[in-house]
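Model, not experiment: these values are computed from the prediction. Numbered from 1 within each chain, the chains take letters A, B, ... in sequence-line order.
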Amino acid sequence: MRVTTSFPLGTLRDTPSEAEIISHQLLLKGGYIRRVNSGIYAYMPIMFRVIEKISSIIDKELISIGCTKLLLPQLHPADLWRKSERWEGYTEGEGIMFNLKDRQGKEFGLAPTHEEVITCIASEIINSYKQLPQCYYQIQTKFRDEIRPRFGLMRSREFIMKDGYSFHSSKKDLASFYEKMGNAYGNIFQNCGLQTVGVEADSGAIGGASSKEFMVTANAGEDTILFTESGSYAANLEKAFSIPSQAIPLKKYSSEWLDTPNQKTIEDICKKNNLDPSQIVKVVIFIGKFEDKTELPIIACIRGDQHINEVKLFNLLNKKYATNLIKLNIVEDNTIIKKNLVNLPLGFIGPDIDNKTIKIDSNWDKSWIKIADESASNLSTFISGGNKVNTHKVFREFSFTEKDYLIADIRNAKKGDRININSDEKLQEKKGIEIGHIFQLGQKYSEKLNANFSDKDGQLKNLWMGCYGIGVTRIAQAAIEQNHDEHGICWPIQISPFQIIIIPINFKDPIQRKLTEEIYEDLMNNKIDVLLDDRDDRAGVKFKDADLIGIPFQIIIGRDSINKEVEFSCRAQKTKIKLKANKLLETFISESKVMYNKNS
RNA sequence: CGGGGCGUGGCGCAGCUUGGUAGCGCGGGUGCUUUGGGAGCACUAGGUCGCAGGUUCGAAUCCUGUCGCCCCGACCA
């Protein structure tokens with residue numbers, strides 16, 4: 001490819017002010033992407049080459065484990081999503097599914113994921129256990145109306161994703177395929193030249209049993225990963241479990257009541273009364289909104305020095321009730337409290353709250369759902385709200401179980417916690433970018449969509465399913481986040497748009513030009529991805545652009561052309577070696593081999 | 001949805017407080033010089049100042065409304 005005729009670069013001199021993180025800045029500055037709207041980007045030719053490289057790495061690996069590539073529609077009928085009972089949850093309120101009506105008034109949604117469509121199609125094709133297992137995948141644009149798109153391709157509303165769906169005759173076969181897929185994912189990311197960590201994860205709105213996320217570790221990541229140094233445990237914060245630190249025993253209090261004027265936060269109470277946060281039980285009120293429009297008031301208790309994990313709480317409630325929980329809102333607005341509760345001031349609510357506190361005319365359900373984390377229920381003596389303004393209470397021998405509390409893990413694990421009682425290993429924390437997620441869905445979708453097969457015993461059974469996603473455009477940006485320097489991108493060679501860029505210093509000089517053309521021709525004939533910067537620009541401009549767009553090898557053709565000598569430069573290491581033009585090919589082959597092996 | 005900020009040529013910005021008819025750097029075009037890390041000189045094209053009202057003799061500037069974008073939070077496979 002030639003910069004002047006077939007491959008204009010479109011690099012920018014200044015960094016557009018809209019970009020916050022380095023990878024986003026470099027994508028814009030390097031001319032890889034252009035913003036069309038909030039969270040919607042055009043992938044420029046140079047970006048599309050990266051996308052194609054990543055796609056072919058994925059194809060190669062997935063085909064090797066027996067997956068089949070196809071392409072599914074992006075516009076899905078609402079009825080199909082109603083069958084899986086996901087339409088409401090994905091469209092209502094702040095749902096992420098773009099939806100619209102056609103001219104007949106029929107409802108459609110732009111696909112954020114494809115379980116429904118593929119399950120429907122697979123069930124038509126698959127009749128017998130003899131056809132199983134099967135795994136279909138596609139690489140396609142997905143749409144998600146994110147509440148706040150940000151960081152360029154990291155969280156965009158339109159993005160490219162590889163999504164795969166497997167079908168099995170048994171749970172066991174699903175589990176073994178899931179393992180196989182996990183290994184394939186490891187290979188894919190390694191073949192993309194990325195450093196990743198596999199972590200246990202929450203399966204979120206997709207649902208299902210087991211799920212694992214693949215994270216690129218980077219400070220710009222939006223997820224928090226907790227792990228042990230030895231690698232014995234790694235999980236997303238949403239899912240992570242740990243043993244909380246020891247609570248400090250409460251000293252004896254003579255009176256039952258504490259005057260705590262205007263002390264609404266744990267911090268205030270501790271400061272003014274010489275207490276430790278671990279001696280307090282924090283009481284948080286939530287409102288759960290269900291699909292059938294009911295609103296349940298929830299009271300959640302946790303030790304004062306710990307934090308409630310809303311994902312865990314959400315999942316717990318969702319499992320407990322027959323209808324789907326759509327939203328879980330923390331109640332911290334006093335007007336909402338006053339409207340629904342009798343004389344209950346926020347900040348002073350205690351675990352011994354009574355059902356009578358819910359007003360008759362409230363549209364909430366009239367009894368509390370009570371949930372306590374073990375960190376709270378393990379305390380025998382503690383301080384908590386007195387259910388009266390400016391008052392806290394000393395609780396002695398309070399039993400959460402006797403007061404109808406459900407005891408469950410609703411706590412955020414944190415850095416420094418131990419992972420189990422028998423181990424001294426402590427959790428560490430890092431930020432990560434989720435680039436892949438694999439799920440064992442089980443029979444959730446095949447039941448709802450009635451996807452059956454005849455098993456060996458002649459009985460009709462629901463298909464066992466897994467689903468597997470990779471954020472293709474997100475990989476590209478994550479790779480930049482992990483591989484850049486002050487001059488620009490340093491692509492891993494595996495996913496770089498080109499392997500080599502040729503920079504003739506003075507393209508008007510007939511000797512340099514002749515040598516440049518010879519070298520370009522030779523590399524092209526040897527099927528090497530090479531970009532020729534044949535612009536009639538000053539050397540500095542071409543050097544800056546080459547460094548910015550980050551192609552791993554640069555061939556600089558300058559004044560030594562007369563002796564058929566050129567420079568071979570490695571972008572990331574900034575090393576330069578002089579060599580004869582006829583040694584270029586072998587040097588590139590050996591140097592790139594080193595690079596491939598280092599990264600994969 | 002709450003808080004903050006911004007909309008002025010392709011990009012980055014100044015001008016707005018205190019109204020007088022739009023400017024800087026980069027980029028584009030032409031010519032000459034230059035040519036190993038974003039060149040110099042000269043000439044040149046390009047903007048109804050987000051949009052709509054209003055105040056005024058006069059609005060990029062003041063007022064009202066509206067749209068859009070960015071950041072923080074809430075939230076989110």
Side-chain angles (χ1 to χ4, degrees), chain A residues 8-21 24-25 28-29 31 34-40 86 89-90 93-97 111-115 142-152 154-157 159 161-163 201-208 211-214 222-223 236 238-239 289 310-311 314-315 326-333 434-439 441 467-471 474 486-488 503-509 512 533 535-548 554 556-561 566-567 569 574 576 578:
Chain A
L9 287 178
T11 53
L12 304 176
R13 188 142 190 163
D14 302 299
T15 305
S17 58
E18 70 198 51
E20 195 70 8
I21 61 172
H24 185 197
Q25 289 172 354
L28 287 166
K29 197 176 175 205
R34 299 197 71 99
R35 196 181 65 83
V36 172
N37 207 295
S38 175
I40 299 174
R86 289 210 294 180
Y90 268 74
E94 285 169 353
I96 60 166
M97 193 167 183
T113 173
H114 280 75
E115 283 81 6
K142 293 272 185 290
F143 302 88
R144 290 183 190 176
D145 193 5
E146 295 288 348
I147 294 168
R148 189 148 90 85
R150 57 178 136 183
F151 303 144
M154 284 302 188
R155 183 168 294 279
S156 50
R157 299 196 293 170
F159 60 100
M161 178 172 168
K162 184 288 296 182
D163 52 326
D202 174 63
S203 40
I206 286 192
S211 108
K212 192 172 177 184
E213 282 173 345
F214 293 82
E222 293 184 88
D223 288 289
N236 190 314
E238 292 176 349
K239 170 99 177 187
K289 291 185 178 165
E310 291 185 30
V311 173
F314 186 99
N315 290 341
I326 288 184
K327 271 196 92 178
L328 186 63
N329 287 335
I330 188 160
V331 177
E332 39 192 6
D333 182 346
E434 179 192 348
I435 55 166
H437 202 158
I438 59 176
F439 303 80
L441 293 175
C467 85
Y468 318 92
I470 292 179
R474 200 183 261 188
E486 69 273 28
H487 303 290
I503 307 168
I505 296 298
N506 185 354
F507 203 52
K508 275 186 187 157
D509 178 299
Q512 291 188 26
D533 191 350
R535 288 178 295 178
D536 182 21
D537 259 309
R538 297 172 68 83
V541 174
K542 295 195 254 192
F543 284 136
K544 290 283 183 195
D545 272 349
D547 287 351
L548 174 62
Q554 304 172 346
I556 299 148
I557 301 169
R559 52 176 103 83
D560 297 325
S561 296
V566 300
E567 283 167 53
S569 166
K574 284 263 148 202
K576 268 185 192 175
K578 275 192 183 182

Taking only residues two or more places apart in sequence, or in another chain, which ones meet A:E222 in a side chain to side chain contact (heavy atoms under 4.5 Å, CB included)?
A:R150, A:F151, A:R155
Can a donor-acceptor pair under 3.5 Å be found between the side-chain atoms of A:R148 and the base atoms of B:C71?
no
Which part of the nucleic acid, if any, lies within reach of A:K142 when heavy atoms closer than 4.0 Å are counted: base, sugar-phosphate only, or nothing?
nothing
With sequence neighbours excluded, residues passing side-chain hydrogen bond (donor to acceptor under 3.5 Å, both in side chains) with A:K578:
A:D560
Dump every N/O contact between nucleotides 2-8 of chain B and the protein below 3.5 Å, one line per pair.
none

Is A:Y468 touching bases, backbone alone, or none of the nucleic acid, heavy atoms closer than 4.0 Å?
nothing
What is the nucleic acid contact for A:Q554, judged by heavy atoms within less than 4.0 Å: base, sugar-phosphate only, or nothing?
nothing
Is A:K574 paired with A:D547 through a side-chain N to carboxylate O contact shorter than 4.0 Å?
yes
Give the B/S/- string for nucleotides 26-35 of chain B, one per nucleotide from 5' to 3', where a protein heavy atom under 4.0 Å of the base yields B, of only the sugar-phosphate yields S, and otherwise -.
SS------B-
Is there a side-chain contact between A:N37 and the phosphate of B:G68, meaning an N or O under 4.0 Å from OP1 or OP2?
no
Using whole Å, what does the distance between atom C1' of nucleotide B:C11 and atom CG of A:L9 come to?
16 Å
With A:N506, which residues qualify under side-chain hydrogen bond (donor to acceptor under 3.5 Å, both in side chains), at least two apart?
none
Under the criterion salt bridge (Lys or Arg N to Asp or Glu O under 4.0 Å), I'd like the reasoning laid out for A:R157 against A:D145: C-alpha separation, chi angles, the key distance, then a yes or no.
CA-CA 5 Å; A:R157 299 196 293 170; A:D145 193 5; 3.3 Å; yes
Quick one: label A:E222 by what it contacts on the DNA or RNA (base, sugar-phosphate, nothing), any heavy atom closer than 4.0 Å.
nothing
Heavy-atom donor-acceptor pair, A:R474 side chain to A:I435 backbone, under 3.5 Å:
no
Please confirm whether the shortest side-chain N or O distance from A:R150 to OP1 or OP2 of B:C76 is below 4.0 Å.
no
Looking at A:D536, is its backbone amide N or carbonyl O close enough to the side chain of A:K542 to form a donor-acceptor pair, meaning the two atoms are under 3.5 Å apart?
no
Please walk me through it: do A:S569 and A:E567 pass side chain to side chain donor-acceptor pair (under 3.5 Å)?
CA-CA 6 Å; A:S569 166; A:E567 283 167 53; over 6 Å; no
According to side-chain hydrogen bond (donor to acceptor under 3.5 Å, both in side chains), who are the partners of A:E434, at least two apart in sequence or on a separate chain?
A:H437
What is the distance from CZ of A:R535 to P of B:G36, rounded to the nearest Å?
16 Å
